Amino acid sequence: MPGSLLSIDVLLIAAAAWLAIGLCGLLAPRNTAFISRLLFPLGAVVGIGMGVAALNALGGDAQTAVLVIGLPDLPFHLRLDNLSAVFALLLGFASAGISIYAAGYFRKGEGAAPGVLCLEYHLFLASMLMVLLADDAYAFMVAWETMALSSFFLVTTDHKHEEIRRAGFLYLLIAHIGAIGILLSFGVMTGGAGDYSFAAMRTQELAPFWSSAAFLLALAGFGAKAGLVPLHVWLPEAHPAAPSPVSAMMSGVMLKTAIYGLLRVSFDLLHTTIWWWGVVALVVGLITALFGVLYATVQNDMKRLLAYSSIENIGLIAVGIGLTLIFHAYRMEGLAALAMTAVLYHCLAHAGFKSLLFLCTGSVLHATRERSLGKLGGLIHHMPWVAWLALAGVIASTGLPPLSGFVSEWLLLQSFLFSPGLPHPWLNMVVPVAAALVVLVAALAGFAMVKFYGIIFLGQMREPALKDAHDAGAWEKLGLVWLALITLFLGVMPSTVILRIDAATRQLLGSGLADKLNENGWWMLAPISPERASYEPLLVLVTIAAALLMGRWLVRHLYHGRVRRSSAWDCGYHFEGPRAQDTAEGFSQPIRRIFEPMFRMERHFPAARDTKPFYSVKVEDHFWYWCYLPIARLANWISTLIVTLQGGRIAVYLMYSFITLIVLLLVARP
Amino acid sequence: MTTAIPFSAQLINLFAAVILLLAFAMLAQRRMLSLINLFALQGFCLFLATLVAAVTTGQVHLYYSAGLTLALKVLLLPWILHRLVRKLNVRGEVEALIKIPTTMLVGIVLVMIAFNVALPISELSQTITRGTLGIALAVVMLAFLMMITRQKAISQVVGFLSMENGLFLAATSATYGMPMVVELGIALDVLVGVIILGVFFFQIRDQFDSLDIRHMEKLKDN
Amino acid sequence: MDFFVLMLAIPLVSGALLTVVGERDWAPNLNIVASLGTFLAAAGLTAEIVASGPRFAFGEQFFIDSLNVFFVALTAFVGLTTSIFSGPYMRNEQEHGRLTKPRLRLYKSMYQLFMFTMLAALTTNNLGILWVAMEAATLTTVLLVSLYRTPASLEAAWKYFILCGVGIAQALFGTILLYFAAERVLGATGNALLWTHLVDVKSQLEPTIMALSFIFLLVGYGTKVGLAPLHNWLPDAHAEGPTPVSAVLSGLLLNVALYAILRCKVLADGALPAGFAGNLMIGFGLFTLLVAAFFLSRQKDVKRMFAYSSIEHMGLITFAFGMGGPVANFAGLLHMTMHSLTKSAIFFAVGHATQKTGTQLMENIRGLIRINPLIGWGLMLGTLAILGMPPFGVFASEFMILTHAMKHFPWATPILLLALGVAFASIFGKVQPMVFGETTAKRLPHAPAITPVFLHLAIVLMLGLYIPPYLTRWFHEAARMLG
Amino acid sequence: MISIAGLLGQTFAILLALVLAPLLSGWVGQCRAWFQSRTAPPLLLPYYMLQKLFKKDVVLAHNASSLFRAAPFVIFGCMVLACAIVPTLSTDLPFAPAADALALVGVFGLARVFISLAGMDIGTSFGTLGGRREMLVGFLAEPALLMVIFTLAMIAQSTSLATIVETLAHRDLVIYPSLAFAGVAFTIVSLAENARVPVDNPATHLELTMIHEAMILEYSGRHLALIEWAASLKLYAYSCLGLALFFPWGIAGGDSFLALLAAIPLLLLKLAIGGAILAGIETVNAKMRIFRAPEFLGIAFMLAVLGLLVRLLLETRI
């Protein structure tokens, strides 16, 4: 379109607009109405516009731009290609919902001044967009770290609490270490040429050793941000600490930028692929997924539970990336495209449903001031909107038809299923076992999500104060509905979506699913052929709905619709207090029991004659004790040695410089 | 070099050797006032060496240097130090951190190192006093050693000044003097430094009731 | 009148004047006005040099080229902002009874004299005068460090004086050796210590002498730079002196000492086989960086911690210059600028924070952002900037240094990253609770000067995202001069 | 593409399922009674039960939410869909492409989630207990079932149930050792999923053992009727699935009406035998402690994975 605005320009304008909106927040930092009623909705509008522009760019040629800012030899190179566009699409539409929600969420007198929050929030958005657009290492790193910084400040909004500060610190530290890994990876990829633009990296021919080094560094670096085990420890701390829209943004969108980076490095910048990279990613992904879901089931804090669930989902995405790498390395492009589509789709789906769930916890938090599952319950009566919308998120996140999570899991399993034929017998054995574990993870996710939903929204209220809970406000509802609609759309219209995002798959792998999909109708998802595998979610939805409605109509028609209310039957027991229900701990007891070695538990049992008996269990992460504490101790030990240098005696100091001088005089020779 | 060393050079070498000897003597000296006297004597030898160099080469600014040395190092600084010692009443024994015989042994090793390091340079030198550079370096190092081993603030300062003597020896005897403006600057700095130190001593004694630097080991990290 | 003469004369004259009138009420303003004058003169000089190239002054004794004019501009700028900052800061100290009027007079006059010595050291063409100016800088700052006359400050000043005195004596020996080498080529004239003359004949200088000379110069000036294990004076002096002094020590003095090493390195590089001087600097730089990083985690005193951070950055810069080449030199110069600006901004913020809470112990400083959001944000952003977080400019220079190291010295990369990682964990873990959380701070009689903090940070932020072309040209030229 | 005959066949299959499912439950109950030497209940008892329950008023607990009331319909809808997908008489089902075997498992999962949530809704001690146990059983049974399907899908190179059945039914006689593993695993999963001994006992209200019953304790009237009907539909769907996968002979391939008619008696026969075997299993086994159930299902999971590996190891070159 000559003369008209290119999509990349629109995206840049969007980034600038977000920045400007953020800065506007500083004009009246304490004016809540101005900020939440004007600025945040504006941000949402920008998000939608940006998403539409990204959608428009899908399938087109890559667009580039060079900004004047940056290093003297390396100004910011920007590039909008299909891969960036897919993730920009995700960012735009997910952030729109979150921004609308946030318009109703941030209130007076909570944590930092709203204006500062507004700046940090929109800076966060803009930097994520810049990460997606960056086309050289410097621009990427600047955007990447700005993203980390702005989200760090958002996480520590409520910095009164020690544990929130601790969470923020841990988050930023691991983000920084990850960034170092990424930088190193870029360094390796320049191949010593010293040109840090991505265009130059694409043309570098690297030896397999260096390619592998770059890949592993990137996996570690981006894995730290995405939450791959063992670099996940920040995630369950930071997500609960942040205000809910921020948790939603971090979990739904920010983690995806890490996935974006990993895809960018593995499939775009490195153009050779070695099969064992895939195995590494697959194994790490499986461990992460299993670890995440197991820990999710035993959490007693609703946001921590969701955070661990995010770890699980990232693990599944990593499994998909691993599979794609394996297929790609063996030139099985059709299957690689299938797995890659699963990855991209799961990114989109997760962005929708996890943001939705985090926002729901935000509403619950606002209504009850309570995060602990043990003190919630029965909220569906007071918060029907939130409860029913959360149900959509729960079903999607459990990976059940007909919502979004199922589509990506279905695609992933399909790609597993057709894997035999790999020219490596050992791999042939590993892949089915991996598939089995993926399925186990998906099923366990169901356990975790039923616990999440059942304990919060169903049953009796565990605390009397919950009676005062109120449903979400109009803005919040709007945001939730928007995300729920995304989840539904992704669930029932997979072919339509895949046809759009197929351009990215095609760009990375050289082949896509579009041809096959086009042969069948828009309603049918049959990536290979309808005889081999097909899924028509719309039909599933319609059939279930028809059976449901017809059943209801028939029953009402043939019989009656009479209902009487009475107290619960409960096998005739009458200790009907809320304490008779399962606690959150109790619900997950079977999992703790079956997977006991996976957890590090501290239990408190009531004594025989306790007047107020209670049972509690604290589950801790093994990785703290296996990885992090030893490293901390080592560093501490080294510092103990080194600080003896500064012992306070001037004679000793003089001796240091004397000895340095003499050693240099004796040793250093030209 | 085939010719015999000229007499003037022999003289300068002699003075340099005496300066080295005095450096050793200072390293061994326990008493504060004697230490200052030795320092003055070292300064005097330095003055003589510079004077000989000035006479031999006929460079005018070396005369100035010699005069400056005489005024500062032989007269003014020892006088100030004497006054300080009296006012602050620190005549007492100077107890070294390391035993004196050990210090002397280390000193001898240092002299060997210094000569060794200076050897290639001495061979290049065209001036008549080519050996003095090694001696100057040895003096600097011995003074350094003295600063390390002493624990009274004043003796550290004397060590510091003795180091300046070594440097001056290098400057005047080995290279026949630095540009005048530099030498003036150096002299000024030394003078100001000593005056500041003098003020400092009083402050230190006010705060710590002693000039023993072992009291000043509070700032540390371990 | 000549900008150069003005630039040197203003601090000298006002320093002398302030010894007389320093107790008057308007004396702090005089201090600021003098610093402003110096800055304007420096700016004029910079414009002149950028426009018409290098020039001499006072015969050939002073020489201003694109390398040192950049330091001059930086020094004069930080000098100005520090004097603005020190106005309310010192008044508050006086109200707290920590300083008396005569001491404040001493402070102001010594501050101006210190600026004079810095500018003289930067602009002189004579390596002997350079030494003299460095020694004079030590003397003035010794008095500034001991300004509080507490046992701790006296101890710090004493250590500073002795260690730097001895160090600088080594530098003098190095200078003598250099003269010795130069005399053989240039003859025993007054020109033999003039850098412009030396640089013309640098390849004829005797290598053995130059090697020895450079070792002495490196150890000597390196002591002032704070290279480990010669750094011991630095944390004490920074922690115990008044905060404006810490700011200028960290932001200016270390730079000037490094500048001296750089001038000598150019000569050594010409005379010696490639890599000799560079490898020494790389070794010192890496060792310093690593040692300082591990020191950081054990700090309790906030100013002491940032002093170690300065050591760390000096190590990094030394490493960069050690690598040599236009890119690394460019990165080194950029990093020096960024470090000066950021570190002095941090010290400004820290100064106000310590005044508000009445302590330098980090565990007692909490919740700055509550009592004064601007100071809190200033400290937080400054800390993040100094830790190399984009989009601040420190990241730009660290990025260049790292990438250059990856290309030419890959073995050094893990050490660099380890040190930077450890430093990040140590510093940020300590600063975060100081800024966040519930507060312990109280109000102060005089409102703090916030402008310098944010002025510095704004420049650092801007340079992280955009380096104006003329600045780039200027940096490139300076980097090229360093070889 | 969708033929009228196919559509008719589809409708017929659904109606047949709705009608036959309670009968199958009744048959199993009758067989059980015979094996246990009890007087057997009438074969049509389930129909009487449904009729009675539909007529009754619904008694809702005060605390019941809208989800509680919606759940029976959702579950019923899911089961109807499941029955529509599983090839019972013919493989020519217009609904077959709507959901392949993976989606079928998903549909079962959806029903499970809803019934668990419904169990938790009232907030009684039994309800949550049942919900938790149901999810416990589910998280192991579901993967095992999928692994079984994977094994078969690899043989048929398809996850479409129709294609699998067609491949298996119209093949030459080839012995697949993997099918043995898969078959045992499938049997175990079916027992667990349909709340049968030894995992659960549909005929007890003993709090230590019950799973399914615990969740639906609070249901009454038409809600309970729908749930019971859905449960028998589930049993029917599982039975048909098992028959279709492991004994696929006789299922009509095309849309020929005759073949369809011929398939009906064969199906009835197979279901009768299957029901009797189920009753036999339930008679000779004792109900397990609840924590033995995961081990039991774990075995099924392992068997299914083994089957998959055996398939890869022994049969890939066939």
Side-chain angles (χ1 to χ4, degrees), chain B residues 57 59 61 117-121 123-127 133 136-137 140 143-144 147-148 153 156-157 159-160 163-164 166-168 170-171 174-186 188-190 192-193 195-197 199-200 203-204 206-208 213 215-222, chain C residues 61 126-129 131-136 138-140 142-143 146 149-159 161-162 165-166 168-170 172-173 175-177 179-181 183-184 188-194 206 208-209 211-212 215-216 232 235-236 239-240 295 298-300 304 308:
Chain B
T57 60
Q59 290 193 28
H61 77 264
V117 167
L119 197 62
I121 302 176
E123 279 170 5
L124 293 168
S125 173
Q126 291 151 346
T127 54
L133 198 66
L137 182 55
V140 169
F144 211 142
M147 292 182 75
I148 294 174
Q156 269 194 337
V157 170
F160 181 63
M163 190 183 280
E164 296 273 35
L167 293 171
F168 221 77
T175 65
Y176 288 148
M178 307 274 274
M180 194 59 215
V181 57
V182 178
E183 282 188 21
L184 274 177
I186 294 171
L188 185 68
D189 272 341
V190 170
V192 173
I195 291 169
I196 289 176
L197 276 174
V199 180
F200 233 63
Q203 292 171 6
I204 289 175
D206 284 352
Q207 290 290 346
F208 297 97
I213 54 166
H215 295 288
M216 298 201 288
E217 293 176 2
K218 300 282 190 306
L219 297 175
K220 57 185 180 181
D221 282 319
N222 62 348
Chain C
Q61 294 301 317
N126 188 323
L127 292 176
I129 295 180
W131 184 89
V132 171
M134 290 297 291
E135 175 78 13
T138 311
L139 294 176
T140 50
V142 161
L143 289 176
S146 68
R149 307 279 162 86
T150 56
S153 69
L154 279 177
E155 181 183 341
W158 176 256
K159 286 177 176 170
F161 182 82
I162 290 293
V166 169
I168 211 112
Q170 316 298 317
L172 180 56
F173 200 85
T175 312
I176 292 169
L177 286 173
Y179 179 71
F180 188 58
E183 191 196 22
R184 290 161 46 83
T189 59
N191 292 340
L193 271 180
L194 293 185
E206 187 57 48
T208 37
I209 305 178
L212 271 184
I215 289 172
F216 274 102
N232 306 73
D236 297 348
E240 301 308 330
F295 262 114
R298 288 304 185 84
Q299 299 309 314
K300 298 188 177 70
R304 210 173 164 81
Y308 276 111

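These figures come from a predicted structure and were not determined experimentally. Side chains included, hydrogens not; waters and symmetry mates left out as well; all remaining heavy atoms used. Order of the sequence lines sets the chain letters (A, B, ...), proteins ahead of strands, with each chain counted from 1.
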At a 4.5 Å cut-off on heavy atoms, which part of [X] comes close to chain B: side chain, backbone, both, or neither?
X	result
C/Lys300	neither
C/Ala156	both
C/Thr150	backbone
C/Leu212	side chain

So what's closer than 4.5 Å to chain C heavy atoms on B/Ile196: side chain, backbone, both or neither?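 Only the side chain of B/Ile196 comes within 4.5 Å of chain C.
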Which atoms of B/Ala153 come close to chain C, meaning under 4.5 Å heavy atom to heavy atom: side chain ones, backbone ones, both, or neither?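 For B/Ala153, backbone and side chain are both near chain C.
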Minimum heavy-atom distance between C/Val142 and C/Ala157, given as atom pair plus value: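 In this case the closest contact between C/Val142 and C/Ala157 is O-CB, 3.9 Å.
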Might you point out which heavy atoms bring B/Gly193 and C/Phe161 nearest each other, and give the distance in Å?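 Residues B/Gly193 and C/Phe161, closest heavy atoms: O-CZ, 4.2 Å.
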In Å and rounded to the nearest 0.5 Å, what is the [atom1] to [atom2] distance from [X] to [Y]?
X	Y	atom1	atom2	answer
C/Leu127	C/Leu193	CG	CG	6.0 Å
C/Leu172	B/Phe168	CG	CZ	9.5 Å
C/Glu155	C/Glu240	CD	CD	8.0 Å

Residue among [options] with most heavy-atom pairs under 4.5 Å to chain B:
options	answer
C/Arg298, C/Arg149, C/Glu206	C/Arg149
C/Phe295, C/Trp158, C/Trp131, C/Phe173	C/Trp158
C/Val166, C/Ile209, C/Ile129	C/Val166

May I ask you to name which of B/Val199, B/Asp189, B/Leu137 has the most heavy-atom pairs under 4.5 Å with chain C?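 So the answer, after comparing B/Val199, B/Asp189, B/Leu137, is B/Asp189.
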Would you mind reporting whether C/Lys159 and B/Leu219 have side-chain heavy atoms less than 4.5 Å apart?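 Sidechains of C/Lys159 and B/Leu219: in contact.
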Compare all side-chain heavy atoms of C/Glu135 with those of B/Val192 and state whether any distance is below 4.5 angstrom.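 The answer is no; the side chains never approach within 4.5 Å.
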